[in-house]
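As the structure lists them, so they are numbered: ligands from 1, and atoms in each ligand from 1. Computed from a predicted structure; not experimentally measured.
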Amino acid sequence: MPRYPNLWFYIDRSLAPSYEQAVKLVTNHLRRAMRLREFYGPFSNPEGCDFEARLEHLQPWEEPAPAALRHAHAFHIRYYYTALARQKLDTVRNFYRFAASVHYEVEHANPNHADVEMCPVCGRTGEYARVKGNLVEMVHDPLGLELVLTGKIRRETVRFEDWEQREVGGIGAVEKHVFPGLTGDRNTLRIGVVVITSPLPPSPR
Ligand SMILES: [Zn+2]
Ligand SMILES: [Zn+2]
């Protein structure tokens, strides 16, 4: 079953002259706000996305973790808009709409990518200890959503692993909602909805 996008953006049509511009408004904002590195493929398993963006080497899980399981984390977002536009799902009343799939996982260069069940950061631990089912849909997806909406993972602020320790941040002060997933074809724990009705706040530098 394909992934159900766990983050939806609604952009007031007065803010952009076209659907493409509305998409750019958000993706450019996120790129700057979170310092995302963007990738345009070709991807081995694109799942219908237009492009993706990542941050690597966040929150390393080091000693006393078992040596073979140590890893840092990646934030990974995939954007979907061409497929929605093709099916005329790109506008709803006075909003442009597009979707993304976000998750937080073992970083891509680590041999354990993507799953380490016992990791206190990205594993089936803490508040997620009792969730059943696919680790990606039940843990990695809601963690990615938490980071992009709040700048936190498990309520802790995430910072870049450099001397400055700047906050990774997230989308910032916009209207956001989180709904339960796992209904119908929504094979992900939670769905985030971001509603943009005024120009986006400037990104921190
Ligand atoms: Zn990923
Ligand atoms: Zn982890």
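Ring centers of H140 and Y104: at least 6.0 Å apart, outside the cut-off.
One finds a salt bridge joining E117 and R124 here, because a Lys/Arg side-chain nitrogen approaches an Asp/Glu carboxylate oxygen to under 4.0 Å. A salt bridge links E167 to R159: at least one charged side-chain nitrogen sits closer than 4.0 Å to a carboxylate oxygen. A salt bridge is defined here as a Lys NZ or Arg NE, NH1 or NH2 lying under 4.0 Å from an Asp or Glu carboxylate O, and R155 with E127 meets this definition.
Metal site remark for the Zn ion (ligand 1): H103 contributes an N, O or S atom at a distance under 2.8 Å.
Considering just the N/O/S atoms of H76, the one nearest the Zn ion (ligand 1) carries the name ND1. Atom OE2 is the N, O or S atom of E105 at the shortest distance from the Zn ion (ligand 1).
With the Zn ion (ligand 2) as the vertex, NE2 (H71) and NE2 (H73) define an angle of 100°, rounded to 10°.
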